[in-house]
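Contents: one structure, followed by commentary.
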Amino acid sequence: MLKQFSDLGIHESFQQSLSDLSISKPTDVQEKTIPVVLNKKEDLVVLAKTGTGKTAAFGLPLLQLTDTNEVNIQTLILAPTRELGQQIFTNLHALAAENPEIKIASICGGTPIKPQIELLKDPTQIVVATPGRLVDLLKREVINLNHLKHFVLDEADEMITALKVEVDYIIKVIPKNRRTFLFTATMPGTIKQLIQNYMSKHVIQIEANMETTGHQDIDHQYVVVEPIEKLDVLLHFLNSRAGKRGIIFCKTKAAVNKLAKNLAINKFSSGALHGSLSQGIRDRIMGQFREGHIDILVATDLAARGIDVKELSYVVNYHLPDTYEAYVHRSGRTARAGAKGLSLTILQEEEVIDIADFENELGITFKIFKKADAQSIEENNTLLWAKKIFKTKPNREVSEDLKSQIKTIFHHLTKEELVDKILAHYLTENTTVLPKETVSKKRKKH
DNA sequence: AAAAAAT
């Protein structure tokens with residue numbers, strides 16, 4: 001249990017970059033996987049929970065196995081989204097910081113293809129790719145995978161279902177005698193049977209910490225809301241988590257846009273991410289989120305898998321995920337590398353019945369999140385309104401004369417009296433009707 | 001039905 005990377009066969013040359021990345025000891029999945037990859041024999045199927053270091057588990061040994069005298073592509077890593085592909089590329093680059101002779105390229109879509117084609121003319125040993133763009137390059141015959149030795153499918157269950165057509169095309173053009181490595185946190189039974197189609201050698205299965213079901217560091221909670229109070233409950237939750245960071249998942253791109261707009265109006269530090277945005281915008285939002293310039297990411301399932309952002313303390317399911325796997329991946333954006341995190345699911349009455357299925361299927365237990373009462377929600381909305389005033393910038397010129405007339409009106413008030421006046425005005429303008437008990441009782445009969 | 005992935 002006190003294994004070091006050197007005990008697993010990782011060379012001295014990676015020690016510096018590992019310590020620069022504050023990686024000191026191998027995780028369970030790394031300890032089990034690295035020696036088997038380094039032995040140059042079998043194919044691998046690796047199951048390990050979210051946030052346990054799968055990228056380095058294949059990245060480190062495959063970097064080390066790279067023959068730097070060989071100019072052809074030896075290792076291909078496929079990921080389901082461009083953001084994840086870029087993240088894997090960045091991580092490999094950092095792991096190879098002391099080994100600059102290893103040439104790594106990222107070939108994801110959404111960026112001009114010409115520069116990529118030019119780049120591929122240089123010696124390249126490791127390629128991280130999304131399937132669509134790679135197939136495009138293969139059809140143009142501008143990438144050579146004839147010397148491929150290692151083929152990695154990250155998020156393997158997703159790759160061989162949602163992206164099956166592209167992956168199958170790629171499988172056909174790469175050497176039969178390659179080694180194949182499948183990595184995932186979820187492997188539904190229906191997918192298990194498909195695995196053999198992708199393997200070419202004897203397969204070793206590795207399961208790291210999968211014996212206890214559910215992720216021990218994630219606090220699963222749900223709250224039942226009426227449709228009209230859903231947004232208010234979310235806003236109250238976000239205000240209670242001020243300064244903390246997290247991701248809010250919605251079912252559709254339209255819902256992401258709508259919610260992100262609403263958060264922006266309420267002056268939350270937030271951004272939207274989904275597949276209909278230009279790659280430029282996607283990259284900018286991801287960058288801002290990773291750097292901590294944005295606290296809240298509102299996203300579709302584009303961000304559900306693999307994305308590793310530091311210090312996310314919560315995930316919110318603003319809509320229920322479609323599958324149990326999607327729940328595992330979404331909630332797995334928090335509680336990474338040993339940290340704790342909250343996964344909050346906001347439900348409507350008719351969806352509560354699904355909770356038991358999630359519990360049984362995933363071996364987790366939900367706690368009930370205590371919904372803010374009507375008064376706290378109203379107070380919270382008043383606070384949001386005050387924050388809005390504070391953060392609003394003038395959008396046109398105001399004459400000095402008008403300004404001085406208005407100043408005269410308030411001139412004799414103290415700061416406290418001024419606040420009272422503004423608040424009194426707000427409260428008369430917003431005569432919020434608190435939800436009546438009778439209303440909710442009536443609804444429950446259905 | 002929706003999400004992702006090529007232009």
Side-chain angles (χ1 to χ4, degrees), chain A residues 76-89 105-117 119-120 127-143 145 151-173 183-186 188 191 198 247-260 272-283 285-286 297-307 315-333 345 348 350-351 354:
Chain A
L76 172 63
I77 299 157
L78 291 184
T81 64
R82 297 165 188 167
E83 282 70 15
L84 182 53
Q86 281 157 4
Q87 175 183 296
I88 294 169
F89 171 76
S106 161
I107 51 168
C108 301
T111 66
I113 199 164
K114 286 260 171 64
Q116 279 180 0
I117 294 172
L119 215 68
L120 284 167
V127 164
V128 185
T130 44
R133 177 53 64 91
L134 181 63
V135 169
D136 193 352
L137 291 166
L138 285 166
K139 286 182 175 164
R140 290 171 192 239
E141 299 184 324
V142 291
I143 185 166
L145 297 176
F151 179 57
V152 180
L153 284 179
D154 199 12
E155 307 295 344
D157 57 336
E158 175 84 350
M159 298 303 291
I160 65 180
T161 52
L163 295 162
K164 183 177 194 301
V165 175
E166 290 85 352
V167 171
D168 286 355
Y169 182 94
I170 295 161
I171 289 276
K172 275 191 211 133
V173 304
F183 282 78
T184 181
T186 51
I191 310 301
Y198 298 87
I247 304 181
I248 304 169
F249 285 101
C250 298
K251 193 181 170 72
T252 65
K253 298 170 191 173
V256 166
N257 286 336
K258 194 174 159 194
L259 182 57
L273 184 77
H274 61 68
S276 288
L277 299 169
S278 74
Q279 196 56 41
I281 291 179
R282 283 165 63 168
D283 290 345
I285 296 293
M286 267 315 290
L297 188 69
V298 186
T300 58
D301 279 327
L302 169 61
R305 284 178 176 259
I307 297 304
V315 161
V316 175
N317 289 304
Y318 197 61
H319 303 107
L320 262 186
D322 286 338
T323 62
Y324 303 117
E325 289 74 35
Y327 183 88
V328 171
H329 291 284
R330 282 179 176 191
S331 59
R333 295 319 94 213
T345 301
Q348 280 157 225
E350 63 269 25
E351 297 170 315
D354 298 328

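So that the names make sense, note that chain A is the first sequence line, chain B the second, and so on, each numbered from 1. All values derive from a computational prediction rather than experimental measurement.
Nearest approach of A/Ser106 to A/Gln86, heavy atoms of both residues: OG-CG, 4.3 Å. Summarising the geometry of A/Ala156 relative to A/Thr184, their closest heavy-atom pair is N-CB, 3.9 Å, with the distance given to 0.1 Å.
Within the 4.0 Å cut-off from OP1 or OP2 of B/dA5, at least one side-chain nitrogen or oxygen of A/Arg282 is found. At the phosphate of B/dA6, OP1 or OP2 sits under 4.0 Å from a side-chain N or O atom of A/Arg82. Residue A/Lys253 places at least one side-chain N or O under 4.0 Å from the OP1 or OP2 atom of B/dA4.
Taking only side-chain atoms of A/Ala162, from C-beta outward, the nucleotide of B/dA4, B/dA2, B/dA5 with the closest atom is B/dA4. When the nucleotides B/dA6, B/dA1, B/dA5 are ranked by their closest atom to the side chain of A/Asp136, B/dA6 comes out on top. Considering only side-chain atoms of A/Lys139, the nucleotide from B/dA4, B/dA2, B/dA6 that sits closest is B/dA6. Relative to the side chain of A/Thr130, the nucleotides B/dA6, B/dA2, B/dA4 differ in distance, and B/dA6 lies closest. Each of B/dA4, B/dA5, B/dA1 was ranked by its minimum atom distance to the side chain of A/Thr300; first place goes to B/dA4.
Applying the side chain to side chain donor-acceptor pair (under 3.5 Å) test to residues at least two apart or on different chains, the pairs with a partner in residues 76-85 of chain A are A/Arg82-A/Gln279, A/Glu83-A/Gln279, A/Glu83-A/Arg282.
Taking A/Val165 as the reference, nothing meets the side-chain contact (heavy atoms from CB on, under 4.5 Å) condition, with sequence neighbours excluded.
Going from atom OH of A/Tyr327 over to atom C1' of B/dA2 covers 20 Å, rounded to whole Å. For the pair A/Leu134 CG and B/dA6 C1', the interatomic distance rounds to 11 Å; values are reported in whole Å. Note: CZ (A/Phe249) to C1' (B/dA2) measures 15 Å, nearest angstrom. Between the C1' atom of B/dA3 and the NZ atom of A/Lys251 lies a distance of 10 Å, rounded to the nearest Å. Put simply, CG on A/Asp322 is 13 Å from C1' on B/dA4, counting in whole angstrom units. Between the P atom of B/dA4 and the CZ atom of A/Arg305 lies a distance of 13 Å, rounded to the nearest Å. If you measure from atom CD of A/Glu155 to atom P of B/dA5, you get 13 Å, rounded to the nearest angstrom. One interatomic measurement links the two molecules: CD1 of A/Ile307 to P of B/dA4, which rounds to 12 Å at whole-angstrom precision.
Side chains of A/Lys253 and A/Thr300: a donor-acceptor N/O pair is absent below 3.5 angstrom, by distance only.
Contact annotation for A/Leu163: base contact, defined as any heavy-atom pair under 4.0 Å involving a base atom.
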